[in-house]
Amino acid sequence: MEYDLLIRGGRVVDGSHGAVPFPADVAVRGDRIAAVGPLSDARAAIVIEASGRLVSPGFIDPHVHSETALRGNRDEFGALLQGVTTHLTGADGFGWAGVGDQDVASLWQSTAFAYGQGEMHPNWPSPGRYLESFHDLPLNVAALAPHQAIRFGTLGWTDRPATRAELRAMRRSTREWLEAGAVGLATGLDYQPAASATTEELVALCREAAAAGVVYAPHQRYNELGRAGAFAETIEIGRRAGIAVAVSHEFVDDETEPILDGARADVDITIDWYLYPAGSTHLLSLLPVAEAAGGPRAVRARLSDPGEKERVARLFDESLEQSSRSGAREYFSATRTGRHIGRSIAEVASQAGASRGETAVDLLLEEMPDALLVFRRNTPPETFAALARRTLAWPGFMVASDGIYHGALPHPRAFGCFARVLGQFVRTDRAISIGDAVYRMAGFPAERYRLRDRGRIAAGLAADLVVFDPETVDGPATWDEPRLPPTGIDAVILNGALVVDHGLPTGLRRGRVLRREG
Ligand SMILES: [Zn+2]
């Protein structure tokens with residue numbers, strides 16, 4: 001038999017729940033998997049010898065900030081080199097389309113900490129036009145309906161509950177995203193303007209998403225409610241809207257395990273996480289979220305008043321005091337001016353001879369909209385290993401990088417997350433079996449987000465495939481060298497095309513925009 005591409009002599013981990021590797025050849029014709037099994041008489045224009053290698057479906061990242069990288073910034077292959085073949089857009093509810101007469105540039109500015117400045121000029125009139133704007137992609141994308149854009153399109157930066165008419169307008173906008181093919185509804189309740197939404201608003205919008213059969217993916221309201229309170233709100237929304245919930249960047253510990261297990265009786269709840277002992281977000285996140293109300297311009301205007309400046313400096317001081325008591329250390333990963341990279345606020349303060357709080361306010365004014373920090377936690381390695389093991393074992397867990405492809409010293413999760421699961425947690429720590437790991441990186445997210453022909457290896461499904469060496473695969477990216485590429489990922493096939501060969505991008509860009517079916 002003649003095929004376009006043949007992966008010969010490897011063992012297949014097919015991405016399904018409970019998968020065990022089995023020896024098989026995989027043949028591709030066009031953009032589909034044509035055959036899986038012993039194919040000794042098969043021939044193909046491209047043959048990949050995979051003896052000693054594993055063959056898995058391409059990985060799916062449901063929470064990642066790659067909208068500018070996908071359009072071709074210097075990090076465009078950072079995810080693909082790890083075997084990731086599909087990204088969901090709209091993490092934390094960020095999006096910039098369909099906002100009508102509102103000042104979309106200011107919304108874009110408020111998210112620039114995660115995407116860089118000036119790399120994208122958002123002016124898409126509708127969700128459909130936004131999705132059409134993705135082309136020549138390094139990997140596939142599917143959209144989450146972005147709550148930030150949905151609220152902003154109706155209320156702008158207004159920080160009050162929506163009226164009934166406004167709620168109707170937001171429901172209409174949510175339906176527009178769903179009709180354009182969105183595979184879920186995402187929000188980020190520690191960011192304005194979404195932070196101004198009430199639980200009622202979220203229930204109303206989630207009812208639209210539930211009617212379309214897709215999930216609610218929240219970055220929960222931690223800043224205002226604390227972790228337990230934030231989970232309580234999410235679970236209430238899930239119950240009242242009758243919607244499945246996919247909580248962003250959460251893990252399983254003594255606090256969350258009883259909450260998650262308790263919720264599962266009446267809410268279909270899952271979590272995703274990147275499995276590193278550090279987070280990353282903007283400088284403003286050290287303040288109560290109400291301080292960000294009104295958007296970047298309003299923040300700047302308030303801080304022109306000396307009394308306000310003093311008050312906010314005190315808030316920064318309290319927040320930094322709390323975080324240093326916990327042993328955490330923050331450092332700048334991106335700034336508008338390019339200064340202070342790798343340094344903490346305390347280090348910048350001692351050089352300036354000012355207090356941490358005063359320095360933080362000055363930095364906010366100088367570096368907005370672009371002050372991005374990495375927050376490293378002071379978790380002993382064995383404690384972290386136990387936390388990872390516990391999270392990886394929880395049945396509702398899937399992997400997501402939360403990658404930010406921007407800045408001088410980004411969080412290494414963007415360049416290492418998926419490959420590191422295979423190296424650190426499968427091979428070294430034996431925290432999870434290879435079949436289970438691939439399920440949580442491919443089959444599970446595909447089921448969750450209704451990407452029906454992705455996430456598994458079987459004849460007739462889309463040919464998104466990864467060939468890797470189980471003995472050498474890893475994500476070596478570190479805090480100091482976050483852009484180190486993965487090891488052991490030999491080949492990546494995207495919609496039938498060989499896009500990574502011998503660990504290097506071939507330059508082919510065959511990604512597609514995937515839309516929810518039915
Ligand atoms: Zn988030």
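In this text, all values refer to a predicted model and were calculated from it rather than measured experimentally. Ligands are counted one by one from 1 in listed order, and the atoms in each one are counted from 1 as well. Just so it is clear, the values below take in all heavy atoms, side chains as well, and ignore hydrogens, waters and symmetry mates.
The closest donor-acceptor contact from the side chain of Asn140 to the backbone of Thr85 lies under 3.5 Å.
Not one N/O/S atom of Asp402, from backbone or side chain, sits under 2.8 Å from the Zn ion (ligand 1). Residue contact annotation: His249 places an N/O/S atom under 2.8 Å from the Zn ion (ligand 1).
Look at Arg452 and Glu447 and you find no salt bridge, because none of the NZ, NE, NH1 or NH2 atoms lies under 4.0 Å from a carboxylate O.
No cation-pi contact links Arg329 to Phe375, judged by a cut-off of 6.0 Å to the six-membered ring centre and 45° from its axis.
Exactly one of Leu372, Thr335, Ile345 qualifies for a side-chain contact (heavy atoms from CB on, under 4.5 Å) with Leu283. That residue is Ile345.
Here the N, O or S atom of Asp92 that is nearest to the Zn ion (ligand 1) is OD1. For the Zn ion (ligand 1), the nearest N, O or S atom contributed by His219 is named ND1.
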